[in-house]
Amino acid sequence: MTIRVRIAPSPTGSPHVGTAYMGLFNLAFARHHNGLFVLRVEDTDQGRSRPEYESGIFRALQWMGIQWDEGPDIGGPFGPYRQSERTVIYREHIRILIDKGKAYRCFCTADRLAEMRKLQHQNKLPEGYDGRCRNLSEAEIENHLQNNDPFVIRLRVPDEGTCVINDRLRSEIRYEYNQIDDQILMKSDGYPTYHLANVIDDHLMRITHVIRGEEWVPSTPKHVLLYQSFGWEIPEFIHLPLLLNPDGSKLSKRKNPTSIDYYRDAGFLPEALLNYLGLMSYSRPDQEEKFTLDDFVSDFDIDRVSLGGSIFDLKKLRWLNARYLRENYTPDQLWLKFTGWRINPEFLSRMIPMMQNRLHTLGDFIPACSFLLATDVSYDTALLTGHDKDPGEIAEMLQTVIFQLETLTDWIPGNLQTALELVAAFWELPIRDVTSVLFVAISGMTVAPPLYESMALLGRDMTRRRIMDSIDRLGSVGRKKMKKLEERWDMWNSVRHQTNGEGNQP
RNA sequence: GGUCCCAUCGUCUAGUGGCCUAGGACGCUGGCCUCUCACGCCGGUAACACGGGUUCGACCCCCGUUGGGACCGCCA
C-alpha cells in the first residue's frame with residue numbers, strides 16, 4: 001500500500017512556520033517511503049477563511065521548497081482538496097451517523113451553552129456539553145425542525161469505555177469516554193467542524209499516516225470514535241512535539257515572529273529556514289546540522305524524533321543562515337539572492353517617490369531609508385518616550401496599534417492611516433502622538449520617510465515585528481494589563497460599531 | 001480545576017544497562033590569525049529535576065514527587 005500523508009492548513013492568517021515544520025516532516029516521511037504528500041485546505045471557518053491567506057500559504061510553502069503531490073492548485077485523484085468544496089460529502093456522511101444513532105441534532109443556543117459553561121466553571125465542575133439534546137424524542141425534533149430552529153449536530157460519545165490511541169512515538173494513550181465531550185460535528189451554518197471533515201477527508205483521501213502536532217492528541221479519541229462509527233480503518237497517528245516560544249509555551253505570534261513571510265522579508269534564505277526546522281526535535285543519524293532537503297529525506301527516520309518541544313531559537317537560525325550565505329554562494333550567485341529579495345528595481349523604485357523631495361544628493365537616499373532593507377533596526381529606547389511620557393503607557397498604545405493592524409485585510413497606506421487614526425481616537429490623542437512613536441519603532445529614527453508608505457513597503461510581518469520589538473524595549477505589557485487593555489479595546493470597538501453602523505472597518 | 005503529554009548544558013540535541021570522569025552544535029567567553037571587522041583555528045563555561053526501586057551495574061527500565069506544556073470553542 002502506498003504511504004499517503006497530508007498537511008491541512010487553515011487559511012485564516014499569515015503562513016505559519018509551524019505549518020512548514022509539519023510540512024517538512026510529512027514531506028520527508030512520504031518521500032523517504034516513496035509515498036505521496038497531500039495538501040488539503042481546511043477552510044470550513046466561513047468567518048475567518050480568506051482566499052488571499054490560502055494563496056499566501058501556498059506561496060510561502062513553495063518558497064521554502066515544500067512541494068506537494070496533490071492539492072487544490074494541482075488537483076489529484078481524490079479531490080476536491082478544499083473542504084469548502086466538499087460540503088455535499090460531509091452532509092452525506094453526517095446523515096449516515098445520524099441514521100446509525102452515532103450523532104444527534106442539538107438545538108441548544110450559543111447563549112445557553114455559554115451560561116452552562118459559566119456555571120460549570122463557577123462550581124468547578126468538568127466543563128463540557130451537558131447532553132440536554134441527547135435524547136430528544138422524534139416529536140421534539142420534528143417540532144424544532146418545523147420551527148426552523150437552528151441546530152448543530154453532535155457526536156454521541158459513549159458513557160463508558162476506554163479509547164486506546166496508538167501513537168507511533170508514545171505507545172498507547174488512553175482516554176475514558178465518560179470524560180469526553182459530545183463534540184460538535186456540524187455547525188449551524190451547515191459546515192463541518194474540523195473533527196468531522198478531517199476524519200472523512202483523511203479516509204477518502206486514503207491517508208495512511210496522520211502526522212500532526214501534539215496539540216491534537218486530546219481530540220484524537222473523538223477522531224477514533226468517528227472512524228469506528230463509520231466502520232473505517234484507523235490511520236497510524238504520529239503526534240510531533242510543538243515548536244515553542246523562548247518561555248516554553250506554544251509558539252505564538254504574540255511572543256515570536258511566526259510568519260514565514262517575516263523570515264523571508266527579514267532576509268533569511270528558504271533553505272536555511274527549512275534546514276533549521278529539520279533540527280527541531282530531530283537529529284540526523286550522522287549528527288550533521290547543515291543539510292539539504294534531499295539529504296534530510298534520504299535518511300529520514302520518524303522514530304528518531306525526540307518528544308520534548310523545541311524552542312525556536314532565532315540566534316541559531318541566524319548562525320545557520322550565515323553558513324548558507326558564505327558557504328553555498330559565489331558573490332555572483334549571492335547578488336541574485338539580493339535581487340530576488342528586496343534589492344531590485346521594483347522595490348527600490350517604490351522607495352524613490354517618498355524620498356525625492358527629501359534628497360539633497362543621491363547619496364542621501366540609502367542612509368535615509370536603509371531601515372526598509374534591514375533585518376532589525378537599532379535606536380536609543382528613550383526616543384520612544386521622548387522627555388516626559390510613561391513607557392508603560394506608550395507600550396500599551398503600541399499594543400493597540402497591533403490589535404488594530406491585525407484586523408486589516410489589505411496592507412495599503414490608506415488603511416494604515418485609518419488604523420492609526422482609530423488608535424489615536426481610542427487614546428484621545430492627536431494622531432501626531434501616535435505617529436511620532438511609530439516613526440521610531442518602524443525606522444529607528446525620528447526623522448524618516450512617510451510613515452504609512454514605509455509600513456506598507458516594509459510589509460505586515462516586518463512591521464509587526466518592529467512594533468513588538470519596541471514594546472519589549474519599553475518593558476512589555478504585563479499579562480493583567482494586557483487582558484484589561486484588550487477588554488477596553490473590544491468594548492470601545494463594539495460601541496464604535498454600534499454608533500457608526502456596520503461595515504465601517506478600515 | 002479536569003484529562004493527557006513531556007523531562008540531558010541557557011538553547012537545539014547525541015546517548016536505547018557497562019564504551020559516559022555524559023559527546024556535538026548555537027550562545028557566552030579566553031587566545032591565535034589579522035590593516036579593522038567577520039571568517040577560520042585552539043581552549044573555557046555549562047546538563048543527566050528529585051526520591052525510591054529493579055540490577056553485579058543505571059542518563060538509559062519501573063513507580064512516585066516536582067516542574068513544564070497541550071487541550072477542555074458552532075477555531076483549526
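Worth knowing before you read on, the calculation uses all heavy atoms, side chains too, and leaves out hydrogens, waters and symmetry mates.
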Answer with yes or no whether A:E214 presents, from its side chain, a donor or acceptor under 3.5 Å of a partner atom in the base of B:rG69.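 No.
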Using the [atom1] atoms only, state how far [M] lies from [N], rounded to an integer number of Å.
N      : M      : atom1 : value
B:rU21 : B:rC59 : C1'   : 14 Å
B:rG73 : B:rU16 : P     : 43 Å
B:rC37 : B:rA46 : P     : 28 Å

For [N], the Watson-Crick or wobble counterpart (both distances under 3.5 Å):
N      : result
B:rG57 : none
B:rG1  : B:rC72
B:rC41 : B:rG31
B:rC26 : B:rG10
B:rA49 : B:rU65

Where the side chain of [X] is concerned, which of [options] is the nearest nucleotide?
X      : options                : answer
A:L307 : B:rA76, B:rA7, B:rG69  : B:rA7
A:R304 : B:rA70, B:rA14, B:rC26 : B:rA14
A:L242 : B:rA70, B:rC6, B:rC26  : B:rA70

If you find the nucleotide of RNA chain B closest to A:G308 and the one closest to A:I311, which residue's nucleotide is nearer the 5' end?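 It is A:G308 whose nearest nucleotide is closer to the 5' end.
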Go nucleotide by nucleotide along RNA chain B from the 5' end; which of A:T109 and A:P218 gets its closest nucleotide reached first?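 Its nearest nucleotide being more 5', the pick is A:P218.
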Could you check whether [X] gets within reach of a base, just the sugar-phosphate, or nothing at all, counting any heavy atom under 4.0 Å?
X      : answer
A:Y276 : nothing
A:E289 : base
A:S249 : sugar-phosphate
A:Q287 : base
A:C108 : base
A:L320 : nothing
A:R318 : nothing
A:R284 : nothing
A:M280 : sugar-phosphate

Going by atom types alone, do [X] and [Y] pair a side-chain donor with an acceptor below 3.5 Å?
X      : Y      : result
A:D461 : A:S259 : yes
A:D45  : A:Y194 : no
A:H239 : A:R170 : no
A:T407 : A:Q404 : yes

Check the angle between the aromatic planes of A:W232 and A:Y227 and answer parallel, tilted or perpendicular using the 30° and 60° thresholds.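 Judged by the thresholds at 30° and 60°, the geometry between A:W232 and A:Y227 is perpendicular.
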